[in-house]
Amino acid sequence: MADDGEEEKNIAAWLLGIKTLKLQPYHLPSLGPQDVKVQIKALGICGSDVHHFKTMRCANFIVKKPMVIGHECAGIIEEVGSEVKSLQVGDRVALEPGISCGRCSHCKNGSYNLCPEMKFFGSPPTNGSLAHKVVHPANLCFKLPDNVSLEEGAMCEPLSVGVHACRRANIGPETNVLIMGSGPIGLVTLLAARAFGAPKIAIADVDVQRLSIAKNLGADETIQVSTDIKDVAAEVIKIQNQMGSGIDVSFDCVGFEKTMSTALNATRSGGKVCLIGLAKSEMTISLTPAAAREVDVIGIFRYRNTWPLCLDLLRTGKINVKPLITHRFGFSQKDVEDAFETSAHGGTAIKVMFNL
């Protein structure tokens, strides 16, 4: 365990209030026998981080005390616990940010992402990883292949959402896909669906700029839609006509009444709609017509057992996440403030990345 003098040098970005971030010392917990200490080198800003930054909450997770923010990260091993055999000092690793209890029924049956006692970086009340150093269990740190960068390692976290969604929806070479929303999660879902073999992928969004990015990333069809719920019926016909074949699975990567209504109506009878985006905690939508057509509605929460596959998809070039990284910042007080304002503003910003 490092002495207090060295710990003083560990600085983190603390969320103190609405739109108030400050670089302050972060005293790390002591290194357990199965833990590692990691120097964080790359960290991306997630939509949930922006929610916390703007409102001090994300869905039902409320920030009640100062908290270190951030969770999409990769770094270099600085110290290993006495029982760690899988990693050594100097290894470059991607960090899976959630520590489950390992004892509850969800953990025991493999659905550890549903653990009610999950301690997740930067989700209240657990401190995050936008810091020079963190301590984390070794089994949640995954060694990067030589040809995968630290930034790509940090991108494994958002990519994991898309991979988990594609697993849940059984995407394969015979699955035609519609994606509602071409923000960061819509785009990683596009990349994952293609890697899983989806032959035809359409993506819908209100923003023409985002749709052009989706087109460049390989979307077969892009459809501009409105924010007006009255337009759903006409837009469903437009989407179906452009797709030219039945939509087997729709992913709602937004989570508004309009996007979910569009997904339910556009999906073929017997198909699936997977809700990924959680923009609204409550929605009023017409489920009965979809149920009468045996459209299954499935949800996802984060991911499970995805890092090895994500790293393999990056290593082999089946997925390229580099075009998603649009902005880069260092780790000064000004950098942290500017990076969060850039991400919160949206626009051309897809993934805002810190290089520490």
Side-chain angles (χ1 to χ4, degrees), residues 59-60 105-106 109-115 158-183 185-205 214 219-221 223 225 229 232-233 235-306 309:
N60 297 323
S105 60
H106 295 297
N109 72 21
S111 302
Y112 65 85
N113 56 314
L114 304 178
C115 174
L159 181 56
S160 284
V161 176
V163 165
H164 181 52
C166 287
R167 280 178 173 168
R168 284 270 288 150
N170 292 323
I171 300 302
E174 297 180 346
T175 328
N176 291 317
V177 169
L178 168 66
I179 296 169
M180 301 301 299
S182 58
I185 293 301
L187 296 175
V188 292
T189 303
L190 162 65
L191 295 174
R194 183 65 86 214
F196 274 60
K200 195 158 189 190
I201 304 171
I203 194 159
D205 199 285
D220 299 295
E221 302 291 339
I223 304 105
V225 292
I229 195 116
V232 167
E235 286 173 359
V236 164
I237 293 167
K238 185 177 164 187
I239 289 165
Q240 288 173 332
N241 286 343
Q242 254 186 264
M243 197 65 171
S245 51
I247 295 162
D248 302 297
V249 175
S250 292
F251 293 103
D252 182 356
C253 299
V254 185
F256 284 135
E257 280 150 353
K258 178 161 191 287
T259 53
M260 196 60 181
S261 296
T262 305
L264 286 167
N265 285 294
T267 305
R268 68 164 175 82
S269 297
K272 291 191 186 89
V273 173
C274 179
L275 177 57
I276 302 174
L278 303 174
K280 290 190 75 175
S281 54
E282 286 185 17
M283 283 194 257
T284 305
I285 48 175
S286 179
L287 273 178
T288 312
R293 294 190 300 111
E294 293 194 356
V295 175
D296 292 344
V297 178
I298 55 176
I300 70 152
F301 185 61
R302 294 175 181 155
Y303 35 68
R304 54 179 175 262
N305 303 312
T306 49
L309 177 57

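In what follows, every heavy atom counts, from backbone to side chain, and hydrogens, waters and symmetry copies are set aside. One-based numbering along the sequence shown.
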Not counting sequence neighbours, list each pair that qualifies as a salt bridge (Lys or Arg N to Asp or Glu O under 4.0 Å) and has a residue in residues 187-204. R194-D220
Identify, with sequence neighbours excluded, every residue that meets side chain to side chain donor-acceptor pair (under 3.5 Å) alongside K272. none
For a 4.5 angstrom cut-off between non-hydrogen side-chain atoms, does T262 reach V225? no
Can you run down the side-chain hydrogen bond (donor to acceptor under 3.5 Å, both in side chains) pairs that involve residues 162-180, sequence neighbours left out, and say none if there aren't any? N176-S245
Residues pairing under salt bridge (Lys or Arg N to Asp or Glu O under 4.0 Å) where one sits in residues 241-258, two or more places apart or in two chains, turn out to be E235-K258, D248-R268, E257-K280
Within the structure provided, determine whether I298 and V273 are in side-chain contact (heavy-atom separation under 4.5 Å). no
Going by side chain to side chain donor-acceptor pair (under 3.5 Å), name the residues that satisfy it together with Q242, two or more places apart in sequence or in a different chain. E221
Show the nearest heavy-atom pair for residues S160 and T306, with the distance to one decimal. OG-OG1, 2.8 Å
Would you indicate whether the side-chain heavy atoms of V295 and S269 approach each other to under 4.5 Å? no
For S182, all residues meeting side chain to side chain donor-acceptor pair (under 3.5 Å), sequence neighbours excluded: D205
On a heavy-atom basis, the closest approach of T189 and I179 is C-CD1, 4.0 Å
Of all residues at least two apart in sequence or in a different chain, which pass the side chain to side chain contact (heavy atoms under 4.5 Å, CB included) check with A279? F256
Close side-chain approach of F251 to I185, heavy-atom, < 4.5 Å: no
Give a yes or no answer on whether the side chain of Y112 reaches the backbone of N305 with a donor-acceptor pair at less than 3.5 Å. yes
Partner set under side chain to side chain donor-acceptor pair (under 3.5 Å) for N109, not counting sequence neighbours: S111
Contact between V161 and I300 at the side-chain level, heavy atoms closer than 4.5 Å - yes or no? yes
Side-chain contact, heavy-atom cut-off 4.5 Å: L190 with V177? no
Once salt bridge (Lys or Arg N to Asp or Glu O under 4.0 Å) is applied, what residue pairs with a partner in residues 287-301 remain, sequence neighbours excluded? none
